[in-house]
Trainee: 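What follows is a single structure, and I will ask about it in a moment.
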Amino acid sequence: MSIETLAEEYERGQQFFVLEDYIGAARILAEVVAGAPDNTAARLLLARAYYHSAQLGRAEAELRLILEQNPCEEYAYLLLGRTLERQSRQSDAAPYLRLHAAMTGAA
């Protein structure tokens, strides 16, 4: 895919996300991420789409990749923590939620 096509598909994925068609958004965004694996914004939106469509294993995998590539991505810590909580993995979630709080000053 060309950069222009990837950008158009990313925008289309955003529109699906805004319309709360999270499965449709994930389908589109997965292709964008395949074409631009270092694009943190696309990967984060893909993780959010997976989270909202209850594809929690996929969300977790994307979020771990984001944090591996960009450990300063504070929202990824929050979403990973919440993803783990939704899987009833509170003890696994706690460190990520603490890191997010420390990074943002959130309580």
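Along the sequence shown, residues carry numbers from 1. In this text, all values refer to a predicted model and were calculated from it rather than measured experimentally.
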Trainee: How close do Gln90 and Ser88 get, heavy atom to heavy atom, and via which atoms?
Mentor: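 Looking at all heavy atoms of both residues, the shortest contact is OE1-C, 3.2 Å.
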Trainee: List for me each residue that meets salt bridge (Lys or Arg N to Asp or Glu O under 4.0 Å) alongside Arg64, sequence neighbours excluded, and say none if there are none.
Mentor: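 With neighbours one apart ignored, the set is Glu60.
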Trainee: Is there a path from Ile66 to Leu97 through hydrophobic residues (I, L, V, M, F, W, Y) whose side chains come within less than 4.5 Å of each other?
Mentor: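 Yes, same cluster.
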Trainee: Could you tell me if the side chain of Glu74 sits less than 4.5 Å from the side chain of Cys72, heavy atoms only?
Mentor: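 A side-chain contact is absent here, since even the closest heavy-atom pair is not under 4.5 Å.
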Trainee: Mind checking whether Ile23 and Tyr50 sit in one hydrophobic cluster, side chains of I, L, V, M, F, W, Y counted as touching below 4.5 Å?
Mentor: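 No; Tyr50 is not reachable from Ile23 via cluster members.
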Trainee: For residues 58-106, which residue pairs pass the ring pair (Phe, Tyr, Trp, His ring centres under 6.0 Å) check, not counting sequence neighbours?
Mentor: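 Passing the test, one end in residues 58-106: no pairs.
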Trainee: In this structure, would Tyr10 and Leu65 fall into the same cluster of hydrophobic residues linked by side-chain contacts under 4.5 Å?
Mentor: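 Not linked; separate clusters.
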Trainee: Sequence neighbours excluded, which residues qualify as ring pair (Phe, Tyr, Trp, His ring centres under 6.0 Å) partners of Phe17?
Mentor: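 Ring pair (Phe, Tyr, Trp, His ring centres under 6.0 Å) list for Phe17, sorted by chain: Tyr22, His52.
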Trainee: With Arg82 as the cation and Tyr51 as the aromatic partner, state whether NZ or CZ is under 6.0 Å from the six-membered ring centre and within 45° of the axis.
Mentor: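 No.
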Trainee: Are side-chain heavy atoms of Phe16 and Leu29 found at a separation under 4.5 Å?
Mentor: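 No, too far: nothing below the 4.5 Å cut-off.
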Trainee: Is there a donor-acceptor contact under 3.5 Å from the side chain of Arg43 to the main chain of Pro37?
Mentor: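 Indeed, once roles are kept as given, a pair shorter than 3.5 Å links the two residues.
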Trainee: How close do Ala42 and Val32 get, counting heavy atoms only, and between which atoms?
Mentor: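 Heavy atoms of Ala42 and Val32 come nearest at CB-CG1, 3.8 Å.
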Trainee: So Gln87 and Asp92, do their side chains get closer than 4.5 Å, heavy atoms only?
Mentor: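 No, every pair of side-chain atoms sits at 4.5 Å or beyond.
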